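Keep in mind that what you see is a predicted model, and the values were worked out from it rather than measured.
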Amino acid sequence: MYKVVCNGYTLHDDTLSGLSIHAATVELELGKTGSLMFTIYADHPHYNAVEVMSSRITVYRKGAIIFSGRAFRIEYGFHNEKRVSCEGDLAFLLDTIVPPTAFYGSFIEYFESIVNIHNAQVDASKRFAVGNFTAGDFYPYEVVSSDYVRTWDELNNRIVTQSGGYLQARYKDGVRYLDVLSYDADISNVSNQPIRFGTNMIDIKRDVDGSEVFSAIIP
C-alpha cells in the first residue's frame with residue numbers, strides 16, 4: 001500500500017477514493033538524491049498544495065518512508081494538470097557551501113563538521129542529524145582548502161570517494177539522519193535472481209549528458 005503526502009496533505013492513498021495521483025514513478029539509487037515524478041489533475045482537492053521548492057513530498061510504502069524530498073519542477077499540461085518532478089532530501093546539500101577550511105582531526109569529525117556547517121545555513125526543514133558512519137574512520141585527517149565548495153561536492157569528494165562508502169538520508173522518529181555507509185558492511189540482502197530483458201527487466205535507458213561540458217571558462 002502506497003501513500004503520498006505533501007506538506008501534511010494526502011495526495012494519494014490506495015485505501016481512499018478521490019485521493020489519487022497518476023503516472024507516479026520513484027527512482028532510487030545508492031548515494032544519489034533519488035527522484036519522484038507524478039501527475040496531479042486540477043480536480044484533486046489538494047492540487048494547489050503542490051508548489052515548486054516549497055512543497056515537501058513523502059512517499060510511504062506499508063507505513064515506511066521510501067522517498068522524501070521536494071518538488072523542483074512543475075510542467076502544466078493542456079488540461080492544467082501538473083506533471084511534478086521531485087528530488088530527494090539529499091539535494092538539500094546542494095543548497096549550502098563549505099567555506100575555505102583548515103581542519104585537522106579524524107575522518108568522522110570532519111564529516112560531523114560539514115553537517116554542522118550545512119545546518120547553520122538552512123532552516124530546520126533542510127537540516128540533518130549526524131547519523132551512522134560505517135565507511136571506516138582514520139586519523140589524522142587534514143584538510144586545507146581556499147575554495148568555496150558546495151556541501152554535496154565536499155562530502156562526495158572528501159568523504160565518500162575516499163572512504164569508499166555512500167551517502168544515505170535516513171528517517172527515524174521524525175528525525176532526518178545523514179549516514180555514510182560502507183557497501184560491504186551495510187548491504188546484507190543479495191538476490192541471486194538473474195536479470196533478463198523482457199522477463200523481469202521492463203525498461204533500460206542510456207543517457208549521454210553534455211550540459212556540464214564547457215568550451216571556455218572566463219573568470
Q. Is V160 reachable from V143 through a run of I, L, V, M, F, W or Y residues, each pair having side-chain heavy atoms under 4.5 Å apart?
A. yes

Q: Please test E81 against Y76 for side-chain contact (heavy atoms from CB on, under 4.5 Å), starting from the C-alpha separation and ending with a verdict.
A: CA-CA 6 Å; E81 72 274 14; Y76 290 84; over 6 Å; no

Q. Using the ring of each side chain (for Trp, its six-membered ring), is Y141 parallel, tilted or perpendicular to F107, with breaks at 30° and 60°?
A. perpendicular

Q: Begin from the C-alpha positions of K32 and L90 and carry the test side-chain contact (heavy atoms from CB on, under 4.5 Å) through to its verdict.
A: CA-CA 7 Å; K32 305 297 182 182; L90 286 179; over 6 Å; no

Q.
For a 4.5 angstrom cut-off between non-hydrogen side-chain atoms, does V5 reach Y60?
A. yes

(Q) Exactly one of T25, V84, V26 should register a side-chain contact (heavy atoms from CB on, under 4.5 Å) with M37. Which one does? (A) T25

Q.
Could you check whether atom CD of E27 has more than 12 heavy atoms from other residues, nucleotides or ligands sitting under 6.0 Å from it?
A. no

**Q.** Aromatic plane relationship, H22 with Y41 - under 30° parallel, 30 to 60° tilted, over 60° perpendicular
**A.** perpendicular

Q: Please report the closest heavy-atom contact between G165 and A135, naming both atoms and the distance.
A: CA-CB, 4.2 Å

**Q.** Side-chain H-bond candidate by donor/acceptor type, Y171 with R176, under 3.5 Å
**A.** no

(Q) Going by ring-ring contact (aromatic ring centres under 6.0 Å, His included), name the residues that satisfy it together with Y47, two or more places apart in sequence or in a different chain. (A) none

Q) Should F92 and V122 count as side-chain neighbours, where that means a heavy-atom distance under 4.5 Å? A) no

Q. Which of parallel (below 30°), tilted (30 to 60°) and perpendicular (above 60°) describes H46 and Y9?
A. tilted

Q. Hey, any chance V52 and F72 share a hydrophobic cluster, counting ILVMFWY side chains that come within less than 4.5 Å of each other, even indirectly?
A. yes

Q) Taking all non-hydrogen atoms of both residues, which atom of V130 and which atom of E112 are closest, and how far apart? A) CG1-CG, 3.8 Å

Q | Test side-chain contact (heavy atoms from CB on, under 4.5 Å) applied to H118 and V98, L155, D95, L93, the passing residue | A | L93

(Q) Starting from I97, can I reach F103 by hopping between I/L/V/M/F/W/Y residues whose side chains sit under 4.5 Å apart? (A) no

Q | Donor + acceptor pair across side chains of S125, D123 (<3.5 Å) | A | yes

Q.
Counting C-beta onward and ignoring hydrogens, is there a side-chain heavy-atom pair between E154 and S145 closer than 4.5 Å?
A. no

